[in-house]
Visitor: 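Here it is, the structure in full.
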Amino acid sequence: MSLSYQHCYHAGNFADIHKHLWLIATLRDLHKNHQSIFWIDTHAGRGLYDLNAPESLKTQEASFGILKGFETSLSWFDSHIHQTYKNIIHAFNPQGGVSHYPGSPLIAAHLLRKNDRIACCELHPQEFIHLRRVLGTYPNVAIRHKDITKELLHLMPPPGTAGGMLVDPSYEIKAEYDTIPLLLIRAHHKWPQGVFILWYPILSAGRHNRIIDIISGQLPPHYYTIDECQAPYIPGGRMLGSGIIRIEKRPI
């Protein structure tokens, strides 16, 4: 597995915003219906990102995302989700502006209730060190230095447990367009009560269609929702858009 990807170059971009609004919406739904949940973040990254760091300034992706207010274009999320997102951003930037951007594990931990539990997995050694420092003070958060492709099914909670997971790989390895959705389907069958969010990039090569083909070929149509948003213009940017598939077992 490649370990070259570091999300600090892309933190706060349009795809992060799209993904994080879906995360907040999903956690809100779970909190509304359950007294406690178990949440898994499979590719957690470092948890908190400095948007003034050289890596972020090099790509300028946040300048076309969170720093430009890209979230306002995602109008299909209701006002409560948008306000929750703004409140979380402000919590890590009490002086105003956005110089520190929380990643998905920190957003989930920030919304943690006392009976909830979270498992955050990260394989990259440097990112794991950052993640452990950022989340080390949060109760009921387990931080694991794991290859999720080998460990995911072992992390699953007992049958009947409410919760879910965010699956957000880098897709540096082309095979992940096959292996990740297949692994997710296995996880869904093992944990049918879980709600699963899978993020994918939309690139000119169109490999994301393979993900959609696998999910649609193995799950009933009412079990999944697909949501895609178009990328803003970013000089030198490769992504055409951002995609989310949310999987949950629903009656017809």
Side-chain angles (χ1 to χ4, degrees), residues 1-2 5-27 29-30 39-47 49 61-62 65-66 70-71 73-74 76-77 81 85 101-108 118-124 127 131 148-149 152 163-185 187-188 194-203 205-216 219 223-232 234 237-248:
M1 173 173 287
S2 170
Y5 179 85
Q6 290 180 284
H7 191 64
C8 50
Y9 289 92
H10 312 288
N13 70 2
F14 78 98
D16 257 359
I17 295 168
H18 185 216
K19 173 180 60 183
H20 292 158
L21 289 173
W22 267 103
L23 170 63
I24 292 168
T26 300
L27 290 174
D29 292 346
L30 288 167
W39 186 256
I40 302 172
D41 193 315
T42 64
H43 299 75
R46 63 177 57 186
Y49 299 89
E61 290 189 19
I66 190 62
F70 180 83
E71 68 276 7
S73 69
L74 303 179
W76 53 94
F77 293 98
I81 293 170
Y85 179 65
Y101 185 76
S104 56
L106 190 53
I107 290 173
I118 303 177
C120 299
C121 304
E122 178 54 47
L123 184 59
H124 194 291
E127 298 295 273
L131 181 67
I148 202 63
T149 61
L152 179 59
M165 70 176 68
L166 171 64
V167 183
D168 176 26
S170 67
Y171 297 100
E172 282 187 293
I173 302 171
K174 293 177 183 177
E176 288 182 325
Y177 289 95
D178 287 273
T179 58
I180 293 297
L182 288 171
L183 178 63
L184 192 59
I185 288 171
H188 165 71
V195 181
F196 302 82
I197 306 172
L198 174 63
W199 176 84
Y200 58 86
I202 301 174
L203 303 169
R207 293 191 181 94
H208 67 283
N209 290 316
R210 179 61 181 158
I211 295 174
I212 296 172
D213 289 344
I214 291 172
I215 298 294
S216 62
L219 294 177
Y223 273 31
Y224 60 88
T225 299
I226 298 174
D227 181 46
E228 296 182 350
C229 74
Q230 184 177 351
I234 302 174
R238 295 177 55 242
M239 274 202 293
L240 303 179
S242 166
I244 289 287
I245 300 179
R246 184 167 117 163
I247 298 171
E248 56 189 313

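The figures here come from the full heavy-atom set of this structure, side chains too, leaving out hydrogens, waters and symmetry mates. Since the model is a prediction, treat every value here as computed from it, not as a measurement.
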Visitor: Is Leu23 close to Trp39 at the side-chain level, that is, under 4.5 Å between some pair of heavy atoms?
Guide: yes

Visitor: Distance check, rounded to the nearest 0.5 Å: Ile215 atom CD1 versus Tyr224 atom OH?
Guide: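 Taking CD1 in Ile215 and OH in Tyr224, the distance rounds to 8.5 Å.
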
Visitor: For Leu203 and Arg238, which heavy atoms make the closest approach, and how far apart are they?
Guide: CD2-O, 3.6 Å

Visitor: Indicate yes or no: at least one non-hydrogen side-chain atom of Thr26 is less than 4.5 angstrom from one of Glu248.
Guide: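 The answer is no; the side chains never approach within 4.5 Å.
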
Visitor: With a 4.5 Å heavy-atom cut-off, do Val167 and Phe196 have their side chains touching?
Guide: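 No, too far: nothing below the 4.5 Å cut-off.
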
Visitor: Do you know which two heavy atoms are closest between Cys8 and Arg46, and how far apart they sit?
Guide: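 Closest approach of Cys8 to Arg46: SG-NH2, 4.0 Å.
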
Visitor: Of the non-hydrogen atoms in Pro181 and Ile214, which two are nearest, and what is the gap between them?
Guide: CG-CD1, 3.8 Å

Visitor: Of all the heavy-atom pairs spanning Ala11 and Asp16, show the shortest one and how long it is.
Guide: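 Nearest heavy atoms, Ala11 then Asp16: CA-OD2, 3.4 Å.
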
Visitor: Say you draw a straight line from CG of Asp29 to CD1 of Ile24; how long is it, rounded to the nearest 0.5 Å?
Guide: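 Interatomic distance, Asp29 CG to Ile24 CD1, rounded to 0.5 Å: 12.0 Å.
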
Visitor: Please confirm whether the backbone N or O of Gly45 pairs with a side-chain atom of Glu127, one donor and one acceptor, at under 3.5 Å?
Guide: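 Checking the backbone N and O of Gly45 against the side chain of Glu127, no donor-acceptor pair under 3.5 Å is found.
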
Visitor: Mind checking whether Ile244 and Glu228 have side chains closer than 4.5 Å, heavy atoms only?
Guide: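 Not in contact.
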
Visitor: State, to 0.1 Å, how close Leu30 and Gly164 come at their nearest heavy-atom pair, and which atoms those are.
Guide: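 Smallest interatomic distance, heavy atoms only, reads CD1-N, 4.4 Å.
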
Visitor: Roughly how far, to the nearest 0.5 Å, is the NZ atom of Lys19 from the CD1 atom of Ile107?
Guide: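 These two atoms lie 8.5 Å from each other.
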
Visitor: Is it true that the side chains of Tyr101 and His20 contain a donor and an acceptor less than 3.5 Å apart?
Guide: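 There is such a pair (donor and acceptor under 3.5 Å, judged by atom type) between the side chains of Tyr101 and His20.
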
Visitor: So how far is it from Leu106 CG to Leu131 CG, rounded to the nearest 0.5 Å?
Guide: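 These two atoms lie 9.0 Å from each other.
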
Visitor: Of all heavy-atom pairs between Leu198 and Pro169, which one has the smallest distance, and what is that distance?
Guide: CD1-CD, 4.5 Å

Visitor: By side chain to side chain donor-acceptor pair (under 3.5 Å), which residues pair with Tyr177, not counting sequence neighbours?
Guide: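 Scan of Tyr177 (side chain to side chain donor-acceptor pair (under 3.5 Å), adjacent residues dropped) gives none.
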
Visitor: Starting from the C-alpha separation in whole Å, work towards a yes-or-no answer on salt bridge (Lys or Arg N to Asp or Glu O under 4.0 Å) for Arg210 and Asp213.
Guide: CA-CA 5 Å; Arg210 179 61 181 158; Asp213 289 344; 5.3 Å; no

Visitor: Are side-chain heavy atoms of Trp22 and Thr225 found at a separation under 4.5 Å?
Guide: yes

Visitor: Compare all side-chain heavy atoms of Leu152 with those of Met165 and state whether any distance is below 4.5 angstrom.
Guide: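 Side chain of Leu152 against side chain of Met165, heavy atoms only: contact under 4.5 Å found.
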
Visitor: What distance do Phe70 atom CZ and Leu21 atom CG have between them, rounded to the nearest 0.5 Å?
Guide: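 One finds 10.0 Å between CZ of Phe70 and CG of Leu21.
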
Visitor: If we only count heavy atoms from C-beta on, is the Arg246 to Val195 side-chain gap below 4.5 Å?
Guide: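 With C-beta onward as the side chain, the pair touches.
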
Visitor: Heavy atoms, side chains only, cut-off 4.5 Å: are Met239 and Phe14 in contact?
Guide: yes

Visitor: To the nearest 0.5 Å, tell me how far Ile212 CD1 sits from Ile245 CD1.
Guide: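 CD1 of Ile245 is found 5.5 Å from CD1 of Ile212.
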
Visitor: If only side-chain N and O atoms count, and only distance matters, is there a donor-acceptor pair under 3.5 Å linking Glu176 with Tyr200?
Guide: no

Visitor: Which residues satisfy the side chain to side chain donor-acceptor pair (under 3.5 Å) test with Ser242, sequence neighbours excluded?
Guide: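 His18, Trp199.
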
